Amino acid sequence: MRLTEIPPTAGLPPRLADLLAPRRDLASAMSAQLGTPTALVTCSGTAALMLALRVARQRQPRRDTVVVPAFTCPLVAVAVHALGLRLRIVDLAHGSFDLDPDALRAQLDDRVLAVVPTHLGGRVTDVDAVNRMVADSGIVVIEDAAQSLGATSGGRSIGLAGDVGFFSLAAGKGLSTWEGGVAIARDPAWLEAMQALQNSLPALAAFERRRCIELVGYTLFYRPLPMRWAYGTPLRRALKRGDLVGAIGDRFPPDVPLHRMGDWRQGVGATASRRLPEFLDERRACALARIERLRAIPGVEAYSDRPGERGVWPVLLVRMDSERQRDAVLDRLWTSGLGVSRMFIHALPDYSELRDIVPRQHCPNAVDLAARSLTISNSPWLGNGDFEVICRVIETS
Ligand SMILES: *Cc1c(COP(=O)(O)O)cnc(C)c1O
């Protein structure tokens with residue numbers, strides 16, 4: 001039996017020294033790295049989305065509906081609901097993470113406040129296509145780049161083509177402060193308005209202390225040996241119960257905590273962020289080589305960048321020929337400790353937890369992607385030998 005567990009995504013390995021480093025300002029570290037004049041640090045990616053939606057609502061009080069992809073993080077639906085806004089979903093285009101243009105057009109009317117094109121799994125989505133469709137309508141475009149910190153399009157950070165973009169600093173998502181988020185915008189007025197709202201939030205000192213302890217825990221445990229216990233044991237337990245949604249941690253309480261991230265955690269994130277560009281380059285080189293290996297397997301599709309895009313590589317996202325084949329691979333690998341998992345279990349309408357929030361809309365491409373896809377961790381701890389084991393299982397399932 002293996003004694004180690006490869007984390008399911010390539011989070012930047014934290015270092016104990018990050019916890020002890022002198023205080024640094026995370027917003028300026030992020031804006032320098034992303035090439036923007038300013039950035040806003042929030043307590044989570046979801047909080048950044050909620051602040052952006054609240055500013056949008058101040059500007060467009062008669063609009064109350066948010067359009068999101070049918071395949072995305074359930075927290076996005078929870079956040080829209082928590083603000084008292086209505087949710088509409090749009091199917092993905094066939095074979096990509098872009099919103100299907102016809103399905104999107106069909107959902108746009110004068111109730112729509114915002115559209116949330118989403119850069120899933122490090123890949124870059126076509127935001128310009130969404131911009132063209134909503135041009136001059138008053139609809140706001142918020143880029144969900146939660147999983148794609150560091151990705152660029154046309155040489156510029158993603159998150160700047162729409163009105164606001166946000167990244168997540170949650171556990172396992174690239175750079176992490178255990179929980180956290182970063183928002184950027186072309187027009188600094190957006191961030192100023194979001195900041196004004198954030199300044200009125202409570203500091204929640206006790207809650208922030210808990211987050212600090214959790215970040216210490218993350219720093220100690222986010223490595224292959226302790227991950228076996230901290231991540232692998234609950235994963236295997238949930239799968240044994242048949243609780244797939246619990247297995248990937250996709251079940252969320254209806255209340256999203258909103259507060260400000262404390263200075264200490266910001267400093268830890270800022271210190272770690274100095275290793276991020278080099279880390280992303282290494283992960284990219286590794287991913288591009290492994291994508292080629294995967295693509296040589298008949299019936300396997302592996303997502304990559306299109307011209308002009310330079311995504312990041314937390315995972316390799318693979319789509320198999322059939323659900324049966326995908327499930328056969330997961331039966332052999334999900335509990336193996338090799339970092340093979342799923343991105344989201346369902347398309348949004350298929351989560352029973354979201355029954356009262358998500359409209360029952362037909363979204364065949366999202367349902368199909370949920371049924372046929374799996375993720376392979378691009379963590380630096382997944383060695384070539386282990387990757388080859390994964391490839392052999394895929395070849396023979
Ligand atoms: C994780 C995630 C979010 C939420 O980010 P948090 O920082 O966890 O609040 C939003 N959208 C997508 C696509 C995500 O993967």
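Here the structure is a predicted model, which is why all the values come from computation and not from measurement. These values consider heavy atoms only, across backbone and side chains, with no hydrogens, waters or symmetry-generated copies. We count ligands from 1, going down the list as the structure has it; atoms in each ligand are counted the same way.
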Name each N or O atom in ligand 1 that is under 3.5 Å from a protein N or O, and give the partner atom and the distance.
from	atom 1	to	atom 2	distance (Å)
ligand 1	7 (O)	Gly45	N	2.8
ligand 1	7 (O)	Ser168	OG	2.6
ligand 1	9 (O)	Gly45	N	3.4
ligand 1	9 (O)	Thr46	N	2.9
ligand 1	9 (O)	Thr46	OG1	2.5
ligand 1	11 (N)	Asp144	OD1	3.3
ligand 1	11 (N)	Asp144	OD2	2.6
ligand 1	15 (O)	Gln147	NE2	2.8
ligand 1	15 (O)	Lys173	NZ	3.0

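Using cut-offs of 30° and 60° on the angle between ring planes, the pair Trp381 and Tyr222 is tilted.
Side-chain contact of Arg372 with Ser322: a donor-acceptor pair under 3.5 Å is absent, judged by distance alone.
In this structure, Arg209 fails the cation-pi test against Trp264, since its NZ or CZ atom is not both closer than 6.0 Å to the six-membered ring centre and inside 45 degrees of the ring normal. Annotation: cation-pi pair Arg123/Phe97 absent, no NZ/CZ under 6.0 Å from the ring centroid and within 45° of its normal.
For the pairing with Val80, the side chain to side chain contact (heavy atoms under 4.5 Å, CB included) check across Thr46, Val67, Val66, Leu113 returns one residue only, Val66.
With sequence neighbours excluded, no residue satisfies side-chain hydrogen bond (donor to acceptor under 3.5 Å, both in side chains) with His362.
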